[in-house]
2 protein chains.
Amino acid sequence: MAYFEVGTRGQGAVATSGGAPVCATARTSFSDFGGKAVHYDPHAVIYYEGDPARRLYELLRGSVMLYKLLPDGRRQVVEVLQPGDIFGLANGEENDCTAETLTDALVQEVELRQVEQSNELQRTLARCLSNQMRGLHEHAVLLGRKSAVERVASFLMHLVPDRGGLDCTGPTNPDDDSCDLRLHMTRQEIADYLGLTIETVSRVISDLKRRGVIRVDKADRIHLNRICSLCQMTGMH
Amino acid sequence: MAYFEVGTRGQGAVATSGGAPVCATARTSFSDFGGKAVHYDPHAVIYYEGDPARRLYELLRGSVMLYKLLPDGRRQVVEVLQPGDIFGLANGEENDCTAETLTDALVQEVELRQVEQSNELQRTLARCLSNQMRGLHEHAVLLGRKSAVERVASFLMHLVPDRGGLDCTGPTNPDDDSCDLRLHMTRQEIADYLGLTIETVSRVISDLKRRGVIRVDKADRIHLNRICSLCQMTGMH
DNA sequence: CGAGATGTTGAAAGCACTCAACCATAGTGG
DNA sequence: CCACTATGGTTGAGTGCTTTCAACATCTCG
């Protein structure tokens, strides 16, 4: 599988990751164009769906989810953002999603006015957006066509750095095809991201555990015993 | 409901629509920046998933779908494009989707090299992409959280101009809340777009017919008898 | 330690899927 | 002109995966 494709995979949500912005190579940082870096606590709302869009946001550190609600309370998490991703762009309309932090997060906030004025920024913007678009395409396949097991396997694989992509060459060390993950999401958040219920997510994880593919150290600390086996379950092989 | 939100709703796929590009107000046209306008027959592939990305495409007339395939043949249509939408952007990677026409289509094709050089184009690009992003978010809710009936109702509503949005004020004429639609998609294409099977799409349409909400004149010509009733079934009210 | 939040498991139900047969339409060629 | 075929669409019966509802377990934190 290949969420967010090359260059953005596995950053931020992985305990062992570096955490550098990865949206594009040799890119212009938004911080060069004014605005301020703001810190948010975990589970803080940055803005609500329906709010007038005033600023452009770049995630510098931590992770943020974007979600939409239906009137009856059903929720769909539409994106899980990593450092380097941008959000809040609405073309003069209202924000179409709520933005909420998953972890502590550092966010660069720039007034949309200023964004309009910089050619350099527009260029970076286009590059970031088209990267995120790929992630959304991939996610549409997951939501529209994959089984529960495939969704959870895909979700876990996309947290593994340098694995599961088209260019994946398998484990570097054939005797140790394992990896430690931090999820930073509750079962409910995972379920809402994967278009499943909390119970189904829990059941699938228990199942993977029973089959020896993963080990659950704590609810949000998961050890992958055999990455390749997991990857085989994503529906992309 | 509100696919593609304000400004892009209901264009192109509707028989009665004007067909003017709608991606952004007062925008720069891609045709001003070289490249050539190419005509495609219905069901022609413009490029395949995995092909190296060479050009940027702007849809001028007709409609185009982007889809991804899983190795076992499952297909997900990730976007149905309208005039004004752009596609083919891949940031130096391979195309992540296959692009195939649904109808006769006129497409403006610009070498990516040239796109890189124009500030004006980059600006337009960012605006178009963030518009399309909204559509993808909306679609993720549909795929992840809506029932079969809600999906089909949402699909039909998004083909109706000026209705179903947040600013929808109901029928202009209280005695005639109806509308004629052309689908330009087979049941299979609709199913792959909505994350359903062809049989389920067919059954839901028959159901709407039985309930008197729609009338099916030909497989791809559907008359909405009561737009408001249909809108109530989208899950967004 | 106790209370609230979060996660797991079981049993039963439901919705969409699978498989299969049938129907409708359009195009072809005798 | 009409049988014949191909393609696309509809309908029915039965299955199965995910959901729903409910109980229970575990974790966190004052």
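Naming convention: chains lettered A, B, ... in sequence-line order (proteins, then strands); numbering from 1 in each chain.
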Q: Tell me the interatomic distance from Met185(B), atom CE, to dG8(D), atom P, rounded to whole angstroms.
A: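 Whole-Å distance recorded here is 14 Å.
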Q: Check this one for me: any side-chain N or O of Lys218(A) less than 4.0 Å away from OP1 or OP2 of dT28(D)?
A: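 So the side chain of Lys218(A) is within the cut-off, an N or O lying under 4.0 Å from OP1 or OP2 of dT28(D).
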Q: Of the candidate nucleotides dT9(C), dG9(D), dG7(C), which contains the atom at the shortest distance from the side chain of Ser206(A)?
A: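 Per side-chain heavy atoms of Ser206(A), the pick is dT9(C).
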Q: In degrees rounded to 10°, what angle is found between the helical axes fit to the five outermost pairs at each end of the helix from dC1(C)-dG30(D) to dG30(C)-dC1(D)?
A: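 Overall, the helix from dC1(C)-dG30(D) to dG30(C)-dC1(D) bends by 30° from one end axis to the other.
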Q: Distance check needed: dG8(D) P versus Ile222(B) CD1, whole Å only.
A: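 Atom-to-atom, Ile222(B) to dG8(D), this comes out as 17 Å.
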Q: Just how far, in rounded Å, is P of dG9(D) from CG of Asp217(B)?
A: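 In whole Å, dG9(D) P and Asp217(B) CG are 15 Å from each other.
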Q: Would you kindly give the CG-to-P distance between Asp220(A) and dA5(C), to the nearest whole Å?
A: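 Between P of dA5(C) and CG of Asp220(A): 19 Å.
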Q: Would you compute the distance between atom OG of Ser63(B) and atom CG of Leu81(B) and round it to the nearest 0.5 angstrom?
A: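 If we round to the nearest 0.5 Å, Ser63(B):OG and Leu81(B):CG are 8.5 Å apart.
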Q: Flag the pair Arg163(B) / Asp177(B) as yes when at least one side-chain heavy-atom distance between them is below 4.5 Å, and no otherwise.
A: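 Counting from C-beta outward, Arg163(B) and Asp177(B) do come under 4.5 Å.
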Q: Take atom CG of Asp207(B) and atom P of dG12(D), then tell me their distance rounded to the nearest Å.
A: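 In whole Å, dG12(D) P lies 11 Å from Asp207(B) CG.
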Q: Between Asp192(A) and Glu189(A), is there a donor-acceptor pair closer than 3.5 Å when you use the side chain of the first and the backbone of the second?
A: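 Flag not set: sc Asp192(A) to bb Glu189(A) has no pair under 3.5 Å.
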Q: What orientation do His139(B) and Tyr193(B) show, parallel under 30°, tilted 30 to 60°, or perpendicular over 60°?
A: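 Ring orientation, 0 to 90° scale: parallel.
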Q: Where is the tightest heavy-atom contact between Cys97(A) and Leu66(A), given as atom of each residue plus distance?
A: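 It is CB-CB, 4.0 Å.
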Q: Could you check how far CZ of Arg75(A) sits from P of dT19(D), rounded to whole Å?
A: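 The answer, rounded to whole Å, is 15 Å.
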Q: May I ask you to check whether His137(A) and Glu79(B) show a side-chain donor-acceptor distance below 3.5 Å?
A: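 Yes, because at least one side-chain N or O of His137(A) sits under 3.5 Å from a partner of the opposite role on Glu79(B).
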Q: Counting N and O atoms only, with roles assigned by atom type, does the side chain of Thr101(B) sit under 3.5 Å from a partner on the main chain of Ala44(B), one being a donor and the other an acceptor?
A: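 Between the backbone of Ala44(B) and the side chain of Thr101(B) there is a qualifying donor-acceptor contact (under 3.5 Å).
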Q: Rounded to whole Å, how long is the line connecting atom CD1 of Ile198(B) with atom P of dG8(D)?
A: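 Rounded to whole Å, this separation is 9 Å.
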Q: Using whole Å, what does the distance between atom P of nucleotide dT18(D) and atom CZ of Arg74(A) come to?
A: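 From Arg74(A) CZ to dT18(D) P: 18 Å.
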Q: List, with names and distances, any nitrogen or oxygen atoms from the protein found under 3.5 Å away from nitrogen or oxygen atoms belonging to nucleotides 15-21 of chain C.
A:
{"residue": "dA16(C)", "atom": "OP1", "partner": "Ala148(B)", "partner atom": "N", "Å": "2.7"}
{"residue": "dC17(C)", "atom": "OP2", "partner": "Thr197(B)", "partner atom": "N", "Å": "3.3"}
{"residue": "dC17(C)", "atom": "OP2", "partner": "Thr197(B)", "partner atom": "OG1", "Å": "3.1"}
{"residue": "dC17(C)", "atom": "OP2", "partner": "Thr200(B)", "partner atom": "OG1", "Å": "2.4"}
{"residue": "dT18(C)", "atom": "O4", "partner": "Arg203(B)", "partner atom": "NH2", "Å": "2.9"}
{"residue": "dC19(C)", "atom": "N4", "partner": "Glu199(B)", "partner atom": "OE2", "Å": "3.1"}

Q: Does atom CZ of Arg54(A) have more than 12 heavy-atom neighbours, drawn from other residues, nucleotides or ligands, at distances under 6.0 Å?
A: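 No, not enclosed.
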Q: Can you tell me how far the CG atom of Leu194(A) sits from the CG atom of Leu142(A), to the nearest 0.5 Å?
A: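 Taking CG in Leu194(A) and CG in Leu142(A), the distance rounds to 6.0 Å.
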Q: When all nucleic acid strands are considered with a 4.0 Å heavy-atom cut-off, which category describes Ser202(B): base, sugar-phosphate, or nothing?
A: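 If one applies the 4.0 Å heavy-atom cut-off, Ser202(B) turns out to touch a base.
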